Student: 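Right, I'll just put the structure down here and ask away after.
The figures here come from the full heavy-atom set of this structure, side chains too, leaving out hydrogens, waters and symmetry mates. In what follows, every chain begins at residue 1, and chains take the letters A, B, ... in the order their sequences are listed. The structure presented is a predicted model; accordingly, all values stated were derived computationally and were not measured.
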There are 2 protein chains.
Amino acid sequence: MATEGFDAVTVARTAATAGISVGLVQHYFRTKDEMLLHAFTTARERLEQQIQDEAKRADQEGARIEEILLNALTRLMPLDERRRRECRVELAFTGRTVDNPKLAGALGRSNSHIRGTITQAVQNGKECGEVPEETDETAAAVRLLALTEGLRLHAYTEPSAIAARETIADELRRVFPGECHHRSGEQDVRRPAG
Amino acid sequence: MATEGFDAVTVARTAATAGISVGLVQHYFRTKDEMLLHAFTTARERLEQQIQDEAKRADQEGARIEEILLNALTRLMPLDERRRRECRVELAFTGRTVDNPKLAGALGRSNSHIRGTITQAVQNGKECGEVPEETDETAAAVRLLALTEGLRLHAYTEPSAIAARETIADELRRVFPGECHHRSGEQDVRRPAG
DNA sequence: GCCATAACCATACAGCCATACGGTTATGGA
DNA sequence: TCCATAACCGTATGGCTGTATGGTTATGGC
């Protein structure tokens with residue numbers, strides 16, 4: 001999918017690549033759509049997990065929340081060949097959102113989840129002093145994620161024109177202008193909802 | 001394409017919808033790819049033109065450049081059914097960017113063009129006082145367009161979660177904090193390059 | 001009036017795809 | 001040991017697609 005596009009992924013090729021038969025693919029997935037949906041949700045879940053893991057780790061090391069977010073969001077950009085491929089795959093899936101409501105739903109839920117993570121991070125920033133009290137953390141998260149995703153899109157077709165990391169860093173500097181007053185690492189970027 | 005996706009656009013259906021024969025479609029476009037590329041570039045050119053037209057008109061009425069950009073960028077958002085359809089079509093095309101270099105090139109060029117328009121607007125804002133001298137107009141344009149496109153993407157799958165216009169307005173307020181000192185309407189948002 | 005060219009049509013075709021189907025082999029609990 | 005179930009295979013098939021082909025009708029310059 002990364003190199004030849006969404007349509008190049010046929011059941012037969014998928015089976016061949018996996019070294020199994022078409023029948024076995026059918027054994028696990030009733031339809032091709034089911035298979036693709038599984039692939040997409042799995043990939044997104046892994047992505048969400050990676051972001052949270054990295055955030056947690058950096059947080060325990062006592063890093064600034066601003067820095068944690070910078071790394072987490074930068075890792076989404078197509079900065080090396082591996083990421084470029086990931087972006088291509090996601091773009092291919094996103095395009096199918098148009099005629100596949102299940103994919104659209106999965107994408108929406110995943111984005112909501114990531115936005116929630118960012119919202120929590122900004123809120124934590126408030127509590128530790130990096131973020132001003134009057135900041136609307138939801139709005140800030142919407143802005144941050146939208147900017148990131150837009151940069152991804154543009155960086156993919158025009159890598160030269162976009163200084164992705166610097167642009168994200170700029171935005172984060174605006175959201176996190178303050179100093180943290182307890183840099184010990186007790187908090188978590190994403191706390192349990194309850 | 002807006003409702004059934006990219007693949008639903010077959011040569012036969014296109015011909016039928018246009019009320020002509022398959023042969024006639026082939027008479028004007030040697031291949032289906034050629035037809036699709038033409039459709040995409042035409043649509044993008046129209047989009048670019050609309051933005052510039054609106055900017056020019058508003059500018060002649062002596063509007064603030066900030067306001068002009070707000071309207072121009074807001075018109076890209078999926079706020080009504082018509083725009084939603086436009087967004088869906090563009091998303092479908094964008095997804096094909098992955099395996100169609102010509103589409104990718106066209107999209108890149110079009111985005112560059114729009115970014116150029118925005119850059120020029122910010123620069124004009126500098127000259128008239130709305131934008132601080134130290135602003136990097138290219139970076140500002142990259143940010144603005146990326147934010148807009150990201151919001152489009154998210155607003156499409158989760159309209160409720162995104163206050164698109166307000167978010168763009170926020171960003172513009174940051175870029176255009178000053179007052180214009182010659183609100184007479186001599187300038188143009190996009191001047192000829194030479 | 002001539003005729004190259006453009007506009008236009010219907011159909012044939014070869015290829016590819018998702019899925020259905022009917023089958024065989026392993027596995028693990030009763 | 002039995003046997004339901006899971007794991008696994010190969011192939012047939014019907015549908016759809018882009019495109020090639022071979023044609024007819026209009027048009028407009030000379």
Side-chain angles (χ1 to χ4, degrees), chain A residues 1-46 85-86 88-107 110 157, chain B residues 1-46 85-86 88-107 110 157:
Chain A
M1 198 182 296
T3 55
E4 294 177 56
F6 198 92
D7 281 343
V9 180
T10 71
V11 177
R13 280 187 80 174
T14 304
T17 304
I20 61 177
S21 70
V22 173
L24 189 52
V25 174
Q26 289 177 304
H27 180 67
Y28 289 104
F29 303 104
R30 230 171 327 150
T31 64
K32 186 190 180 186
D33 267 21
E34 212 172 83
M35 175 183 89
L36 258 6
L37 180 61
H38 175 84
F40 184 58
T41 51
T42 304
R44 290 295 294 204
E45 278 163 14
R46 194 153 44 205
R85 288 173 69 87
E86 285 178 5
R88 275 207 282 262
V89 171
E90 231 172 274
L91 191 54
F93 271 116
T94 305
R96 296 315 170 104
T97 276
V98 171
D99 59 308
N100 192 327
K102 287 186 181 172
L103 277 184
L107 179 61
S110 178
T157 39
Chain B
M1 198 182 297
T3 56
E4 294 177 58
F6 198 91
D7 281 343
V9 179
T10 71
V11 176
R13 278 186 82 176
T14 304
T17 303
I20 60 177
S21 70
V22 172
L24 188 52
V25 174
Q26 288 178 300
H27 180 67
Y28 288 104
F29 303 104
R30 230 172 327 153
T31 65
K32 187 191 180 186
D33 267 20
E34 212 172 85
M35 176 182 89
L36 257 7
L37 180 61
H38 175 84
F40 183 59
T41 51
T42 305
R44 289 296 294 206
E45 279 164 15
R46 195 153 44 207
R85 288 173 69 87
E86 284 179 5
R88 275 206 282 262
V89 171
E90 231 172 275
L91 191 55
F93 270 116
T94 305
R96 295 314 170 106
T97 276
V98 171
D99 60 307
N100 191 328
K102 287 186 181 174
L103 277 184
L107 179 60
S110 178
T157 38

Student: Strictly below 4.0 Å: does A/Tyr28 bring a side-chain N or O up to OP1 or OP2 of D/dC8?
Tutor: yes
Student: Any non-hydrogen side-chain atom of A/Glu90 less than 4.5 Å from a side-chain atom of B/Val98?
Tutor: no
Student: Whether B/His27 contacts C/dA7 is assessed here as follows: a side-chain N or O lying under 4.0 Å from the phosphate OP1 or OP2. Is that the case?
Tutor: yes
Student: Rounding to an integer number of Å, can you tell me how far A/Leu24 CG sits from C/dA20 P?
Tutor: 16 Å
Student: Provide a list of protein-nucleic acid N or O atom pairs under 3.5 angstrom, restricted to nucleotides 16-19 of chain C.
Tutor:
unit_1, atom_1, unit_2, atom_2, d
C/dA18, OP1, A/Lys32, NZ, 2.4
C/dA18, OP2, A/Val11, N, 3.0
C/dT19, OP2, A/Lys32, N, 2.7

Student: Let me confirm one number: the CD-CZ distance from A/Glu4 to A/Arg13, rounded to the nearest 0.5 Å.
Tutor: 4.0 Å
Student: Starting from the C-alpha separation in whole Å, work towards a yes-or-no answer on salt bridge (charged side-chain N to carboxylate O under 4.0 Å, His left out) for B/Arg88 and A/Asp99.
Tutor: CA-CA 9 Å; B/Arg88 275 206 282 262; A/Asp99 59 308; over 6 Å; no
Student: Any side-chain heavy atom of A/Thr14 sitting closer than 4.5 Å to one from A/Met1?
Tutor: no
Student: Look at the aromatic rings of B/Phe93 and B/Phe40 and report parallel, tilted or perpendicular, splitting at 30° and 60°.
Tutor: tilted
